[in-house]
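Notes to accompany the following structure.
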2 protein chains.
Amino acid sequence: MSDIKKLGQSWIFNWFFGFSQIPTDEDCCIYMKSVLCCAKGDGVLSQQEKDWAIGFCASWGVADWVIEELKAYDADEDIKDVIARSPQVSIAQRDLLLTAIRASAADGEIHEQEKKKILQMASIIGVKEEIVEQLEQLHQEELALRQKRVKLLYPEKSPY
Amino acid sequence: MSDIKKLGQSWIFNWFFGFSQIPTDEDCCIYMKSVLCCAKGDGVLSQQEKDWAIGFCASWGVADWVIEELKAYDADEDIKDVIARSPQVSIAQRDLLLTAIRASAADGEIHEQEKKKILQMASIIGVKEEIVEQLEQLHQEELALRQKRVKLLYPEKSPY
C-alpha cells in the first residue's frame with residue numbers, strides 16, 4: 001500500500017474512531033458485516049441503508065475485495081458469530097451499533113420498528129439500553145452538526 | 001478511477017461538505033493550498049498543522065500528485081491569487097477558513113496570535129468577523145463531539 005494512501009487512512013480512522021493505527025482489511029470487512037447484520041436484524045435492509053454503510057467503508061480506503069464482499073453480503077448471519085471472528089471487532093460493540101444507527105437513518109427517519117431492532121441487537125451483543133440511548137443521542141448531534149456546518153459553509157449554493 | 005474509489009470519495013465529500021459531486025483533483029489542490037496559505041498567514045505553519053491538512057486531503061482519495069505538490073508547497077503565495085485559480089474554490093471562503101482553523105488547532109490550542117491571523121486572512125478574502133466567530137464555534141463543537149464519540153465508543157481501550 002502506498003504511503004499516501006496510508007496517510008489518508010490514518011487521518012480518517014483517527015477522526016471517526018480515535019484510532020492510532022489502521023485496521024486490517026479483514027477487520028473492516030468483519031466490522032461492516034456486523035453493522036449490516038445489526039441494521040437488518042430480523043427485518044429488511046434497504047438499498048439506501050446498505051449503500052450508506054458500504055460508502056462509509058469505502059471512504060476508509062479498504063481493498064476492493066472488502067467492498068465486493070459487502071455488496072454481495074446478505075447480512076443473514078448470527079451477529080454474534082460475525083463479531084467473534086475478530087478480537088478487535090469483539091470490543092467494538094458500541095461502535096458498530098452507532099454505525100448501524102447511522103445506516104438505519106440513511107433512508108430518512110429512524111422508525112420505531114428500527115429502534116426496536118437496534119435495541120434487540122444491542123441486547124444480543126451485550127450493550128445496555130441506556131448506552132443505546134446515548135448512541136442515538138450522539139447520532140442526532142452528529143446529524144445536526146453536519147447540517148449546521150453545510151449551511152454555514154455554503155448558505156447560498158454548493159460548489160459541487 | 002475505479003468505481004469503488006469513487007464510492008468512498010462521494011461518501012466523504014458528502015459527509016464533510018454536503019457535496020453531491022466529487023471535486024476535481026485540481027480543485028482539491030487549489031483548495032488545500034489556500035488552506036495552507038491561510039493557516040500560515042504572515043507567520044509560521046508547523047509541521048503538525050501541515051500534516052493534519054495534508055492528511056485530511058489524502059482522506060478524500062485525491063491523486064498522489066496532489067499530496068506531493070502540497071508537501072512541497074511553501075504556502076507563501078497571496079491567498080487571493082490562489083483562490084482565483086478555481087471558480088469552485090472562489091466560493092469556498094468559509095469552508096477553507098474552517099479547515100484552516102482545524103489545521104491551526106492540530107498542534108494544540110489555537111493561540112490568540114493564530115486567531116488574529118485567521119481574522120486577517122478572512123478579511124482579505126471577504127469573510128466577516130461574525131462569520132469567523134461562528135466557524136470557530138463550529139470547530140469547538142466538532143472537537144467536543146469527536147471526543148464524546150471516542151469516549152462513548154471505547155470507554156476502556158481502543159482496538160487500534
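Labels below follow one simple rule: chain letters A, B, ... track the order of the sequence lines, proteins then strands, and each chain is numbered from 1.
The shortest distance between side-chain heavy atoms of B:V62 and A:I4 does not fall below 4.5 Å. Inter-residue side-chain proximity for B:P159 and A:F17 is flagged as unmet; no heavy-atom pair is nearer than 4.5 Å.
Residues A:I131 and A:I79 fall within the same hydrophobic cluster, defined by Ile, Leu, Val, Met, Phe, Trp and Tyr side chains chained together at heavy-atom separations under 4.5 Å.
Interface remark: A:L135 contributes backbone and side-chain atoms alike to the contact with chain B (heavy atom separation under 4.5 Å). For a residue to count as touching a neighbouring chain, one of its non-hydrogen atoms must lie under 4.5 Å from one of that chain's; by this rule B:F16 touches chain A with backbone and side chain alike. Of the two parts of B:I91, the backbone and the side chain both hold a non-hydrogen atom closer than 4.5 Å to a non-hydrogen atom of chain A.
Chain A forms more heavy-atom pairs under 4.5 Å with one residue of B:L96, B:I67, B:V89, B:I54 than with any other, namely B:I67. Interface check for chain A: of the options B:L145, B:V150, B:L97, the most heavy-atom pairs under 4.5 Å are formed by B:L145. Between chain B and the residues A:G18, A:P23, A:P155, the most heavy-atom pairs under 4.5 angstrom are made by A:P23.
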**OP:** Determine, step by step, whether A:L98 and B:L152 satisfy the side chain to side chain contact (heavy atoms under 4.5 Å, CB included) criterion, reporting the C-alpha distance in whole Å, the side-chain angles of both residues, the deciding distance to 0.1 Å, and the verdict.
**Re:** CA-CA 10 Å; A:L98 175 62; B:L152 178 59; over 6 Å; no
Determine which donor-acceptor pairs between chain A and chain B fall under 3.5 Å and list them with their distances.
from	atom 1	to	atom 2	distance (Å)
A:W11	NE1	B:W52	O	3.3
A:N14	O	B:R146	NE	3.2
A:N14	O	B:R146	NH2	2.8
A:N14	OD1	B:R146	NH2	3.1
A:W15	O	B:R146	NE	3.2
A:W15	O	B:R149	NH2	2.9
A:F16	O	B:R149	NE	2.9
A:S20	N	B:Y160	O	3.4
A:T24	N	B:Y160	OH	3.3
A:D27	OD2	B:Y160	OH	2.3
A:W52	O	B:W11	NE1	3.3
A:R94	NH1	B:L152	O	2.9
A:D95	OD2	B:Y154	OH	2.5
A:E141	OE1	B:K148	NZ	2.8
A:E141	OE2	B:K148	NZ	2.8
A:E142	OE2	B:R149	NH1	2.8
A:R146	NE	B:N14	O	3.2
A:R146	NE	B:W15	O	3.2
A:R146	NH2	B:N14	O	2.8
A:R146	NH2	B:N14	OD1	3.1
A:K148	NZ	B:E141	OE1	2.8
A:K148	NZ	B:E141	OE2	2.9
A:R149	NE	B:F16	O	2.9
A:R149	NH1	B:E142	OE2	2.8
A:R149	NH2	B:W15	O	2.9
A:L152	O	B:R94	NH1	2.8
A:Y154	OH	B:D95	OD2	2.5
A:Y160	O	B:S20	N	3.3
A:Y160	OH	B:T24	N	3.3
A:Y160	OH	B:D27	OD2	2.3

